[in-house]
K.L.:
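Below is a structure I'd like to ask you about.
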Amino acid sequence: MIKAIVYTSNTGHTEIYAKMLGEKTGLPVYHADDAKKSLKKGTEIIYMGWLFASNIKGYAKAAKCYRVRCVCGVGLGDTGAQDEAARKAAKVPDAIPVFTLQGGMDYCRLTGINKFMIDMLTKMLTNNANRTEDETKMLELIKTGGNYVDEAHLSEVLAWFEERENT
Ligand SMILES: Cc1cc2nc3c(=O)[nH]c(=O)nc-3n(C[C@H](O)[C@H](O)[C@H](O)COP(=O)(O)O)c2cc1C
């Protein structure tokens, strides 16, 4: 039985989703740094991390401590659009569902390597005359920023959880 939600968040969007999901499921929510104080090794959890170059931040570490039953990756792209790319990059086994959720871009809260990488990506996409439609959309989202967190994006995760816990 799933006992908790564990998350990692850089600029806050994943944290909001984790707390929303916690309210909906009744599960306690822990930041990955604090989870060890409260959860035993091997506890069944839902893991939520932000997307970094398609990878799900913190998943590999969480998978070493807990039995991860579901993974959510929060990124700038559309909800559901990066499920398979994130699974591949984070090496999530096929038996574990992966849901990608649209978070947002809060450029002011980026620092260090993360800020540098977004600046580089912005330059690269701006200078690429052969950008795909998706890349152009991503560039606009990076430039305009914004918070796209919405309870509706959690509907598939919730449906999965309810089916699993009620059968
Ligand atoms: C260095 C870097 C790489 C990123 N890579 C991706 C990506 O591959 N796919 C995506 O959809 N979003 C990507 N993003 C956007 C973040 O995942 C997005 O801003 C997310 O909402 C951050 O979650 P947080 O606020 O919980 O930290 C990236 C952001 C940064 C800073």
Side-chain angles (χ1 to χ4, degrees), residues 5-25 29 31-32 45-63 68-164:
I5 296 165
V6 177
Y7 74 92
T8 305
S9 182
N10 184 41
T11 60
H13 303 95
T14 313
E15 182 174 16
I16 300 171
Y17 274 126
K19 288 180 178 169
M20 270 181 188
L21 191 60
E23 264 181 38
K24 294 272 175 198
T25 57
V29 178
H31 188 282
I45 64 154
I46 293 174
Y47 181 76
M48 304 179 88
W50 62 283
L51 291 180
F52 174 96
S54 297
N55 206 341
I56 302 163
K57 274 279 185 178
Y59 166 72
K61 207 169 167 188
V68 179
R69 298 306 191 205
C70 165
V71 187
C72 299
V74 177
L76 195 50
D78 289 338
T79 291
Q82 296 172 91
D83 295 357
E84 284 320 306
R87 173 188 296 287
K88 202 172 160 201
K91 299 190 173 79
V92 180
D94 287 345
I96 301 173
V98 172
F99 300 96
T100 51
L101 312 170
Q102 189 170 34
M105 176 54 65
D106 190 347
Y107 183 81
C108 295
R109 294 188 66 182
L110 291 180
T111 55
I113 184 76
N114 294 328
K115 191 173 177 196
F116 175 78
M117 282 181 70
I118 283 296
D119 288 343
M120 291 301 288
L121 182 64
T122 306
K123 258 191 215 156
M124 244 173 58
L125 292 176
T126 305
N127 295 333
N128 180 2
N130 301 315
R131 281 193 306 270
T132 63
E133 227 173 89
D134 281 352
E135 285 169 339
T136 301
K137 200 172 163 196
M138 182 65 84
L139 180 60
E140 286 312 311
L141 284 170
I142 293 172
K143 284 206 237 169
T144 45
N147 182 345
Y148 303 96
V149 173
D150 191 321
E151 219 172 82
H153 295 310
L154 285 170
S155 62
E156 282 194 29
V157 186
L158 276 168
W160 169 85
F161 179 79
E162 274 156 25
E163 198 189 327
R164 185 183 199 277

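Count residues from 1 along the sequence. These numbers come from a predicted model, not from an experiment.
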K.L.:
State whether the number of non-hydrogen atoms from other residues, nucleotides or ligands found under 6.0 Å of Glu135 atom CD is greater than 12.
P.N.:
yes
K.L.:
Do Asn114 and Phe52 have side chains that approach each other closer than 4.5 Å (heavy atoms only, starting at C-beta)?
P.N.:
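A side-chain contact exists here, since the closest heavy-atom pair is under 4.5 Å.
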K.L.:
Can you find a heavy atom in the side chain of Thr8 that is under 4.5 Å from one in the side chain of Thr14?
P.N.:
no
K.L.:
What is the distance from atom CG of Asp83 to atom CG of Leu101, rounded to the nearest 0.5 Å?
P.N.:
8.5 Å
K.L.:
Would you find a donor on one side and an acceptor on the other, under 3.5 Å apart, between the side chain of Tyr47 and the backbone of Arg69?
P.N.:
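No; zero donor-acceptor contacts below 3.5 Å.
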K.L.:
Exactly one of Ile46, Val98, Val92 should register a side-chain contact (heavy atoms from CB on, under 4.5 Å) with Cys70. Which one does?
P.N.:
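The side-chain contact (heavy atoms from CB on, under 4.5 Å) with Cys70 is passed solely by Ile46 among Ile46, Val98, Val92.
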K.L.:
Taking C-beta and beyond as the side chain, do Ile56 and Leu51 meet within less than 4.5 Å on heavy atoms?
P.N.:
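Yes - at least one pair of side-chain heavy atoms lies under 4.5 Å apart.
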K.L.:
I'd like to know if the side chain of Asp78 pairs up with that of Tyr148 as donor and acceptor (distance under 3.5 Å, no hydrogens or angles considered).
P.N.:
no
K.L.:
Would a 4.5 Å heavy-atom cut-off, applied to side chains only, mark Thr100 and Thr79 as touching?
P.N.:
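Not touching, per the 4.5 Å side-chain cut-off.
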K.L.:
Rounded to the nearest 0.5 Å, what separation is found between the CD1 atom of Ile96 and the OH atom of Tyr59?
P.N.:
4.0 Å
K.L.:
What is the minimum heavy-atom distance between Asn10 and Arg109, and which atoms define it?
P.N.:
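Between these two residues, the closest heavy atoms are O-NH2, 4.5 Å.
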K.L.:
Under 3.5 Å, is there a donor-acceptor pair between the side chain of Asn128 and the main chain of Met124?
P.N.:
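Not at all, since once roles are kept as given, no pair shorter than 3.5 Å links the two residues.
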K.L.:
Using a strict cut-off of less than 4.0 Å between a Lys/Arg side-chain nitrogen and an Asp/Glu carboxylate oxygen, indicate whether Glu133 and Lys137 qualify as a salt bridge.
P.N.:
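Not counted as a salt bridge, because no side-chain N and carboxylate O are separated by less than 4.0 Å.
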K.L.:
Drop me the distance from Tyr7's OH to Ile45's CD1, to the nearest 0.5 angstrom.
P.N.:
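Here the interatomic distance stands at 13.0 Å.
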K.L.:
What's the spacing between Ile142 CD1 and Leu121 CG if we round to 0.5 Å?
P.N.:
4.5 Å
K.L.:
Provide the closest heavy-atom pair for Ile118 versus Met105 in the form atom of the first, atom of the second, distance.
P.N.:
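Answer, listing the atom of Ile118 first, then Met105: CD1-CE, 3.9 Å.
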K.L.:
Is any side-chain heavy atom of Arg87 less than 4.5 Å from a side-chain heavy atom of Asp94?
P.N.:
yes
K.L.:
Heavy-atom distance under 4.5 Å between the side chains of Val157 and Lys24, does that happen here?
P.N.:
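Val157 vs Lys24: side chains apart.
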K.L.:
To the closest 0.5 Å, what do you measure between OG1 (Thr126) and NZ (Lys123)?
P.N.:
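Rounded to the nearest 0.5 Å, the OG1-NZ separation comes out at 9.5 Å.
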K.L.:
Step by step, would you call Tyr107 with Lys115 a side chain to side chain contact (heavy atoms under 4.5 Å, CB included)?
P.N.:
CA-CA 7 Å; Tyr107 183 81; Lys115 191 173 177 196; 3.3 Å; yes
K.L.:
State, yes or no, whether a side-chain contact exists between Leu110 and Met117 at a heavy-atom distance under 4.5 Å.
P.N.:
no
K.L.:
Distance from Leu76 atom CG to Glu140 atom CD, nearest 0.5 Å?
P.N.:
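So the gap between those two atoms works out to 11.5 Å.
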K.L.:
When you compare the side chain of Leu21 with that of Met48, does any pair of heavy atoms fall below 4.5 Å?
P.N.:
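Heavy-atom side-chain distance check passes, below 4.5 Å.
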